[in-house]
Amino acid sequence: MALQAPEGTKDLLPDESKFWTYFKATAAEVFGRFGYVPIETPLFEQTDLFVRGIGEATDVVSKEMFTAVSGQNLETLLGGGTIKAKSRLSLRPEGTAGVVRAVVQHDLVPQGAAPAKLMYAGPMFRAERPQRGRQRQFNQVGVECLGAEDPSVDAESIIMLMRFFEAIGIPVESMRLLVNSMGCDVCRPAYRDAVRSYMDAHADELCDECKRRAETNPLRAFDCKNSGCAAVMAHAPKITDHLCGDCRDHYGTVKQYLVGEGLSFEEDPKLVRGLDYYTRTVFEVQVTEGMGSQNAIGGGGRYDKLAEEVGGRPTPGFGFALGYERCVIALEAAGYEFPRAQRCDYFVACVDDSVRPEAFSLVQAARNAGLTVEMDHQHRSLKSQFKLADKLDADQVIVLGPDELAAGTVTVRNMATHEEYAIGLAAMKSLLSRFGNQPFDGDFSSMLKSASEE
RNA sequence: GUGGCUAUAGUUCAGUUGGUUAGAACGCCAGAUUGUGGCUCUGGAGGUCGUCGGUUCGAGUCCGAUUAGCCACCCCA
């Protein structure tokens, strides 16, 4: 049997690979306007980083990580032995932990420095059961702003993400922006206790899973889809009523900034992120149409304690990630037309094999001038070559045949207007030789046309 | 990790109660007189029916296993 891609992975075929490149470029452009610069961190890190950063009890860390073992270490483990911490590696399940680790390691935010604004794009890995909008290897674009705790960072990040979604073509009316504040380590423990007591008082109305959650992580019960639990939790204490003064002010200012920029959002006291590092502001962007049950295309929040957690000095941070594949689903649902990857400016057609050497040389000359040019490589009929040119969406077809060769010319056909004219082969090559080996950004067609009229 | 559904040409799918050389559409290739695309017409190529095993005189069709996909739970982007 032919081998196939592993469960939950997907090949990005040319059309989509090209779109992914465009997607990243658009993100770099939009985020660049907000001062973000790129960073690339390893696809795997010490398992310990994720355990400490994301949280040992989170689903992501406790059951969804791909752990990597190199060479002999596997034998050691299978033999019941132990390996050093630095040899325990995991494929990154998300991007924030690695970036914060790099910031700490290279001291990218020295004391008193301006915040570091970093962006990344690449694959993440989680050993989950695949479904619509969920793969085991998937691509994320994310940003992290470290070194500033002002609410303006939260607000501009959220605004920036919405601007990106608009720029890439997701209809504004199909998106829902949810925001919440999770408090800090001053107010959250008290709130957590309040929720736990509330849940204990209503234990007989909760599902088994939620009874367990009451002990381990009561806030997660807000996410339970069980209708009984949802009814109970709807009346549970709300975090927004339990924030400390500083957190309430912070959250209030974030909302003021958002309102001031005309961004519509919904406050959702039940929005609880599943990663332990979040503090204060958290948010999520959902798409309402065509997404299946994985409808969050982006989300993130503030993590003021994470840098310390991985061994750095106290450095407040804010970041978000967005899922490329989910954005593609949202775009498909919105009827977005993805551009074809393969196309060309010029197609050089050969009437018969006698002109192939001359055609070959012309094609290379045009490519050297920065044009995208293709020719037939299968000795197809002239008619077929035109069909191919049409399929490649060529603007012009240059026909080279025995007649042209004898006259020292080529025939140029504009595929859109059907207009044809002749130009000297030498004149054309001389025109091409004036341009360097870089993308051509002029109107070569009209230059060629006017050269033919001299 | 749990549950449900699915697997037939490159793609989307038909395939009657198990019965001869497995079909369609689109796509692909080639023609429709002499060197020219998109539309139309004609013809052609392409499938050991996901894989392995079983039941049967006979399996695309029934059973089991396996692999993968989809959907949901869970969780997250």
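The sequence lines fix the lettering, A, B, ..., with proteins before strands; numbering per chain opens at 1. Every value quoted in this text rests on a predicted model; they were computed, and no experiment measured them.
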Report which part of the nucleic acid [X] touches: base, sugar-phosphate, or nothing (heavy-atom distance under 4.0 Å, all strands).
X      : answer
A:E420 : base
A:Q140 : base
A:G292 : sugar-phosphate
A:Y278 : sugar-phosphate
A:Y324 : nothing
A:A321 : sugar-phosphate
A:V399 : base
A:R132 : sugar-phosphate
A:G8   : sugar-phosphate
A:E404 : base

Roughly how far apart, to the nearest Å, are [N] and [M] at atom [atom1]?
N      : M      : atom1 : value
B:rU40 : B:rC63 : P     : 43 Å
B:rA24 : B:rA68 : P     : 33 Å
B:rU48 : B:rU21 : C1'   : 15 Å
B:rA9  : B:rG35 : C1'   : 35 Å
B:rA77 : B:rU66 : P     : 33 Å
B:rU61 : B:rU6  : C1'   : 15 Å
B:rC75 : B:rG15 : C1'   : 41 Å
B:rA32 : B:rG50 : C1'   : 41 Å

No-hydrogen, no-angle side-chain donor-acceptor test under 3.5 Å, A:E325 and A:N139: yes
A:K449 NZ/CZ over A:Y421 ring centroid, <6.0 Å and within 45° of normal: yes
Residue pair A:L146, A:L108: steps toward the side chain to side chain contact (heavy atoms under 4.5 Å, CB included) verdict: CA-CA 9 Å; A:L146 284 117; A:L108 297 183; over 6 Å; no
Pairs where residues 30-40 of chain A contributes a residue and the test side-chain hydrogen bond (donor to acceptor under 3.5 Å, both in side chains) is met, not counting sequence neighbours: A:E29-A:R33
Secondary structure string for RNA chain B (Watson-Crick or G-U under 3.5 angstrom, | for other-strand pairs): (((((((..((((.....[...)))).(((((.......))))).....(((((..]....))))))))))))....
Quick one: [X] [atom1] to [N] [atom2], roughly how many Å, whole number?
X      : N      : atom1 : atom2 : answer
A:Q131 : B:rC70 : CD    : C1'   : 10 Å
A:E7   : B:rU51 : CD    : P     : 20 Å
A:D59  : B:rA77 : CG    : C1'   : 15 Å
A:D393 : B:rG37 : CG    : C1'   : 12 Å
A:E284 : B:rA77 : CD    : P     : 8 Å
A:E128 : B:rC75 : CD    : P     : 11 Å
A:K63  : B:rC75 : NZ    : P     : 7 Å
A:I54  : B:rA77 : CD1   : C1'   : 13 Å

Contacts of type side-chain contact (heavy atoms from CB on, under 4.5 Å), residue A:D193, not counting sequence neighbours: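 Partners of A:D193 under the side-chain contact (heavy atoms from CB on, under 4.5 Å) test: A:R196.
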Pair up each side-chain donor or acceptor in residues 16-28 of chain A with any protein partner under 3.5 Å, not counting sequence neighbours, and list the distances.
| unit_1 | atom_1 | unit_2 | atom_2 | d |
| --- | --- | --- | --- | --- |
| A:E16 | OE2 | A:Y324 | OH | 3.1 |
| A:T21 | OG1 | A:S17 | O | 3.1 |
| A:T26 | OG1 | A:Y22 | O | 2.8 |

Near-ring test A:F44/A:F66, centroid separation under 6.0 angstrom: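 When the ring centroids of A:F66 and A:F44 are compared, they turn out to be at least 6.0 Å apart.
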B:rC71 phosphate, OP1 or OP2, under 4.0 Å from A:S293 side-chain N/O: no
N/O (side chain, A:K383) to phosphate O (OP1/OP2, B:rG37) under 4.0 Å: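 Result: yes.
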Could you tell me whether [X] and [Y] have a side-chain N and a carboxylate O separated by less than 4.0 Å?
X      : Y      : value
A:E358 : A:K429 : yes
A:E144 : A:K117 : no
A:D304 : A:R302 : yes
A:R280 : A:D154 : no

Position toward the 5' end of RNA chain B (nearest nucleotide), A:G401 or A:V60: A:G401
Pairwise 5' ranking along RNA chain B for A:A394 and A:V285, keeping only the more 5' one: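 Looking at RNA chain B, the more 5' nearest nucleotide goes with A:A394.
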From B:rA77, B:rG37, B:rA68, nucleotide with atom closest to A:R126 side chain: B:rA77
Enumerate donor-acceptor pairs with a distance under 3.5 Å from any side-chain N or O in residues 46-65 of chain A to protein atoms, sequence neighbours excluded.
| unit_1 | atom_1 | unit_2 | atom_2 | d |
| --- | --- | --- | --- | --- |
| A:T47 | OG1 | A:R88 | O | 3.2 |
| A:T47 | OG1 | A:L89 | N | 3.4 |
| A:T47 | OG1 | A:L89 | O | 3.3 |
| A:T47 | OG1 | A:S90 | OG | 2.8 |
| A:R52 | NE | A:E309 | O | 3.4 |
| A:R52 | NH2 | A:E309 | O | 3.2 |
| A:T58 | OG1 | A:G55 | O | 2.7 |
| A:T58 | OG1 | A:V61 | N | 3.3 |
| A:S62 | OG | A:T58 | O | 2.8 |

No-H, no-angle donor-acceptor pair, A:R134 side chain to B:rC74 base, under 3.5 Å: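 When only heavy-atom distances are counted, A:R134 does reach the base of B:rC74 through a donor-acceptor pair under 3.5 Å.
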Contact list (N/O, under 3.5 angstrom) for nucleotides 26-30 of chain B vs protein:
| unit_1 | atom_1 | unit_2 | atom_2 | d |
| --- | --- | --- | --- | --- |
| B:rC28 | OP1 | A:K391 | NZ | 3.3 |
| B:rC29 | OP1 | A:R380 | NH1 | 2.9 |
| B:rC29 | OP2 | A:K391 | NZ | 3.2 |
| B:rA30 | OP1 | A:S384 | OG | 3.2 |
| B:rA30 | OP2 | A:S384 | OG | 3.3 |

